There are 2 protein chains.
Amino acid sequence: MPEQVQTLRRTPLSRERILRAAVALADEAGIESLSMRNLAQDLGVVPMALYKHVANKDELLDGMIDVVVGEIDPPVPGTDWKQSVRRRILSARRALRRHPWAPLAIESRTMATPAILAYLDSVVATLRAGGFSTDLAHHVMHAMGSRILGFSQELFDPSRQAGRSGATNPDPPAALPAEVAARFPHLAEISTAASHDGDTVVGQGCDDQFEFEFALDLLLDGIERLQRQGWSSSRRSHRKDQDEA
Amino acid sequence: MPEQVQTLRRTPLSRERILRAAVALADEAGIESLSMRNLAQDLGVVPMALYKHVANKDELLDGMIDVVVGEIDPPVPGTDWKQSVRRRILSARRALRRHPWAPLAIESRTMATPAILAYLDSVVATLRAGGFSTDLAHHVMHAMGSRILGFSQELFDPSRQAGRSGATNPDPPAALPAEVAARFPHLAEISTAASHDGDTVVGQGCDDQFEFEFALDLLLDGIERLQRQGWSSSRRSHRKDQDEA
DNA sequence: TTGACGGGTGTACGGCGTACACCTATGGTG
DNA sequence: CACCATAGGTGTACGCCGTACACCCGTCAA
């Protein structure tokens with residue numbers, strides 16, 4: 001009987017349970033309130049108990065990242081490389097948008113958990129299967145870089161105003177505030193552009209998903225062009241500075 | 001006399017001096033050892049003295065970012081948009097590489113210091129002067145995103161092995177370790193590709209600068225194509241899923 | 001002469017990650 | 001059945017962090 005009471009009172013803790021709780025906590029309360037102490041409390045346990053299952057907080061973060069990366073859909077084998085890579089990347093983006101803390105966490109880590117390496121590896125595999133030379137595949141992976149592979153945030157978002165100056169308005173989320181608009185006229189002009197679907201004109205900012213796919217397709221189309229013409233880094237068409245103008 | 005002793009003993013502290021010292025400290029010792037206490041000590045002052053010049057640590061970081069962004073070269077007016085943007089972005093990259101902590105700091109901030117906004121604004125100005133519609137300029141800025149505008153690190157770097165598993169070798173910097181290579185064969189294959197200049201073949205990893213410019217030019221070329229054909233988001237050629245395969 | 005004030009000081013608080021010693025229930029072995 | 005090793009949860013404590021708050025002192029305007 002006392003045994004039952006105990007087993008009911010708490011499931012016995014484990015690396016999995018800790019990681020899931022940590023991800024949930026970060027999702028709900030933000031990464032900045034993910035402390036060993038808070039996490040332990042959520043699990044109904046004393047902080048030091050966690051250290052029997054994860055070595056330290058960094059290892060905890062690595063584990064959390066692997067959880068998120070594990071949510072990326074596996075590749076679908078039938079399609080051509082472009083479709084396949086495109087789908088995979090959009091899936092990665094979806095996974096990361098479910099866990100807004102993840103991009104920064106990934107970038108701040110020293111590097112590459114096994115799950116991330118596995119993801120990257122499988123993307124390379126798709127390229128190679130699609131006829132890419134190792135050389136081109138190499139550069140393509142670099143070009144996709146952090147942002148396009150699904151990691152990393154959007155930097156360009158003029159609707160978030162500068163940190164300094166008056167703390168007047170509490171939260172007017174759309175369109176950048178008049179003061180900023182005045183100082184940065186080109187940003188102001190830009191920020192109301194982009195009438196995506198019909199022409200709603202002065203919009204609520206812009207469609208992140210559209211922008212992401214715009215950049216993604218810009219790269220994919222360029223890459224396709226290179227691949228079709230058998231690009232190789234040894235006979236490259238660089239040194240832009242003389243063949244232009 | 002005692003006045004002279006004092007004025008000699010320390011220059012009187014100021015926001016500028018604090019910011020410069022903070023940047024120097026972060027450059028030398030890493031951002032993780034930039035604490036108010038360490039910084040104060042470097043300045044020969046008690047920690048709380050700093051708060052007479054910066055509101056708190058976040059504002060200090062904002063100031064540091066502005067210092068770095070301020071190092072980006074101003075635009076040169078004569079050239080065409082493509083040259084101009086290209087040069088500007090490479091200058092931004094140079095500035096950020098002098099301060100390796102900066103990209104992460106920039107991305108982790110809520111958003112956009114005045115200096116960053118000014119930088120973005122001037123890039124937009126160049127595009128507009130080059131004949132870009134506000135619409136296209138908008139999307140282009142998004143496409144450049146964090147990575148290409150000079151911010152954000154390189155994510156893809158297989159030579160840094162996974163965190164877990166044995167902590168055996170102290171620092172073998174080049175080429176990914178056999179164990180990892182075995183588990184991720186495509187990454188292994190890729191990592192030794194990219195014979196950049198002549199054909200040194202199995203290299204020491206790869207040329208970051210080359211990879212950066214590869215991605216940059218991929219985007220710039222694609223953007224140029226769009227601009228020449230008068231691209232607009234209303235008559236876009238999206239919905240990839242049906243015109244392919 | 002005075003008194004306001006800008007700027008450096010000292011103390012203290014609450015939160016963090018985590019080292020280390022401890023306790024206790026469990027389960028394999030004699 | 002008795003034993004004790006061990007896995008896993010506990011409690012205390014240390015040193016770091018950011019920073020609130022009271023203080024104090026030199027300078028300068030009135």
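None of these values were measured; they are calculated from a predicted model. FYI, side chains are in, hydrogens and waters are out, and symmetry mates aren't considered; it's all heavy atoms of this structure. The sequence lines fix the lettering, A, B, ..., with proteins before strands; numbering per chain opens at 1.
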key: A:H53 side-chain N/O to D:dG9 phosphate OP1/OP2 under 4.0 Å   = yes

query = B:L13 CG to D:dC25 P: how many Å, rounded?
reply = 20 Å

inquiry  = Base of C:dG17, side chain of A:R37 - is there a donor-acceptor contact under 3.5 Å?
reply    = yes

query = Once you round it to whole Å, what is the distance between C1' of C:dC20 and CE of A:M48?
reply = 8 Å

message = How many whole angstroms separate atom CE of A:M36 from atom C1' of D:dC17?
response = 17 Å

query = Whole-Å distance between C:dG7 C1' and B:Y51 OH?
reply = 16 Å

task = For the side chain of B:V46, starting at C-beta, report the closest nucleotide among D:dC17, C:dG17, C:dG10.
result = C:dG10

remark   = Separation of C:dG17 atom P from A:E59 atom CD, nearest Å, is 15 Å

query = Are B:R94 and B:E71 within salt-bridge range, i.e. N to O under 4.0 Å?
reply = no

query = Which of the following nucleotides, C:dG8, C:dC16, D:dT10, is nearest to the side chain of A:S35?
reply = C:dC16

inquiry  = Measure NZ/A:K52 against C1'/C:dT26 and give the value in whole Å, please.
reply    = 15 Å

inquiry  = Rounded to whole Å, how long is the line connecting atom CG of B:L43 with atom P of C:dG7?
reply    = 15 Å

ask   = What's the spacing between B:L218 CG and A:M144 CE if we round to 0.5 Å?
value = 8.5 Å

ask   = Taking CG from B:N38 and P from D:dG15, how many angstroms apart are they, rounded to a whole number?
value = 16 Å

Carboxylate-amine/guanidinium proximity below 4.0 Å for A:R109 and A:D62 = yes

Under-4.0 Å salt bridge between A:E59 and A:R15 = yes

